[in-house]
Amino acid sequence: MNSVLNTLPSSFYQGTDVVRIARELLGKVIVTNFNGIRTSGIITETEAYAGATDKASHAHGGKRTARNEPMYAAGGIAYVYLCYGIHHLFNVVTNVTGVPHAVLVRAMHPTTGLPTMKERRGSDTLTTAGPGTLTQALGIRTDHSGTDLSSGLIRLEDHGITVTPSHVIVGPRIGIDYAGPDALLPYRFRIAPSHLL
DNA sequence: CAGCAGATTGACT
DNA sequence: GTCAATCTGCTGC
């Protein structure tokens with residue numbers, strides 16, 4: 001395979017189909033570079049949040065607060081927020097200015113800087129199986145909300161990894177039962193466990 | 001202004 | 001399986 005290693009272009013994020021973008025983020029690489037330390041991993045699980053029409057979204061009904069303001073910006077930046085007062089959840093903002101679509105990154109397969117990630121997690125066993133632990137391993141905090149995803153701090157890259165449809169499991173999203181019918185939407189994508197390293 | 005619920009995790013019964 | 005930890009924002013008095 002060719003050694004493809006490109007930072008994703010803004011056109012990738014600014015498409016109008018947030019569900020498709022969530023699907024295409026599988027296999028992409030998320031990289032952070034804090035204090036000169038690089039950590040990265042391959043994205044293995046995502047969820048789409050379709051803005052104003054999506055009951056599970058923070059921007060449901062056009063809700064707009066200081067916290068979710070980054071969601072209304074043009075695609076290509078990070079939206080990080082605090083959940084339950086403890087966990088930092090990392091989202092990729094998509095679509096154009098004024099349309100608050102975003103993709104939640106729930107899990108990844110660690111590739112670079114494993115010792116650093118274990119240290120940040122304070123655990124010998126590195127798990128990145130949840131959205132909260134993933135941000136902890138990468139060192140992402142709410143301070144990074146609004147950060148440009150082509151910047152030096154947080155970046156998404158295409159390493160030429162192709163995820164074929166047969167390896168993708170599509171299903172309803174997690175932890176949003178309160179959203180009624182919207183909780184059943186097939187907005188969750190993950191790489192089949194049998195296909196992980 | 002008090003109370004509660006949430007895109008979660010980890011420790012304990 | 002149950003439950004506390006702890007911040008943001010909405011609801012209701």
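Lettering of chains follows the sequences in order, A, B, ..., and the numbering in each one begins at 1.
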Could you tell me which non-hydrogen atom of A:Arg173 sits nearest to which non-hydrogen atom of A:Asp54, and how far apart they are? NH1-OD2, 2.6 Å
Rounded to whole angstroms, how far apart are CG on A:Asp177 and P on B:dT8? 10 Å
Sorted by position of nearest nucleotide on DNA chain B, 5' first, the leading residue of A:Gln136 and A:Val103 is A:Val103
Rounded to whole Å, the NE2-C1' distance (A:His88 to C:dC7) equals 10 Å
Please walk me through it: do A:Gln136 and A:Arg121 pass side chain to side chain donor-acceptor pair (under 3.5 Å)? CA-CA 6 Å; A:Gln136 191 180 12; A:Arg121 294 262 310 121; 2.7 Å; yes
A:Arg67 side chain near C:dC7 phosphate (N/O to OP1/OP2, under 4.0 Å): no
Would you give the length of the straight line joining atom CG of A:Leu104 to atom OH of A:Tyr79, rounded to the nearest 0.5 angstrom? 10.5 Å
Taking a pair as Watson-Crick or G-U wobble with both distances under 3.5 Å, which nucleotide is matched to C:dT6? none
Measure CG/A:Leu126 against P/B:dT9 and give the value in whole Å, please. 14 Å
Classify the nucleic acid contact of A:Thr142 as base, sugar-phosphate or nothing, counting any heavy atom under 4.0 Å across all strands shown. nothing
Mind checking whether A:Leu156 and A:Ile43 have side chains closer than 4.5 Å, heavy atoms only? yes
If you find the nucleotide of DNA chain B closest to A:Thr133 and the one closest to A:Ile174, which residue's nucleotide is nearer the 5' end? A:Ile174
What is the separation between atom NE2 on A:His60 and atom C1' on B:dA5, rounded to the nearest whole Å? 15 Å
Counting only side-chain nitrogens and oxygens, does A:Arg121 get under 4.0 Å of the OP1 or OP2 atom of B:dG10? yes
Closest of B:dT8, C:dC7, C:dG9 to the A:His87 side chain is B:dT8
Between atom CZ of A:Arg106 and atom CZ of A:Arg188, what is the distance when rounded to the nearest 0.5 Å? 6.0 Å
Pick the C1' atom in B:dG10 and in C:dT8, then give their distance to the nearest Å. 22 Å
Between B:dG10, C:dG9, C:dA5, which nucleotide gets closest to the side-chain atoms of A:Tyr84? C:dA5
Please find the pair of heavy atoms, one from A:Ile140 and one from A:His88, that lie closest to each other, and give the distance. O-CB, 3.9 Å
Can you tell me the pairing partner of B:dC12 across any strand shown, Watson-Crick or G-U wobble, with both distances under 3.5 angstrom? C:dG1
Whole-Å P distance, C:dT6 and B:dC12: 15 Å
Once you apply a heavy-atom cut-off of 4.0 Å, does A:Arg173 come out as touching a base, just sugar-phosphate, or nothing? nothing
How many Å lie between CG on A:Leu134 and P on B:dG10, as a whole number? 12 Å
Send over the distance from A:Arg64 CZ to C:dG9 C1', rounded to a whole Å. 16 Å
Can you tell me how far P of B:dT8 sits from CD of A:Glu45, to the nearest Å? 11 Å
To the nearest angstrom, how far is A:Phe90 atom CZ from B:dT9 atom C1'? 20 Å
What nucleic acid atoms does A:Ile86 come within less than 4.0 Å of, heavy atoms only: base, sugar-phosphate, or nothing? base
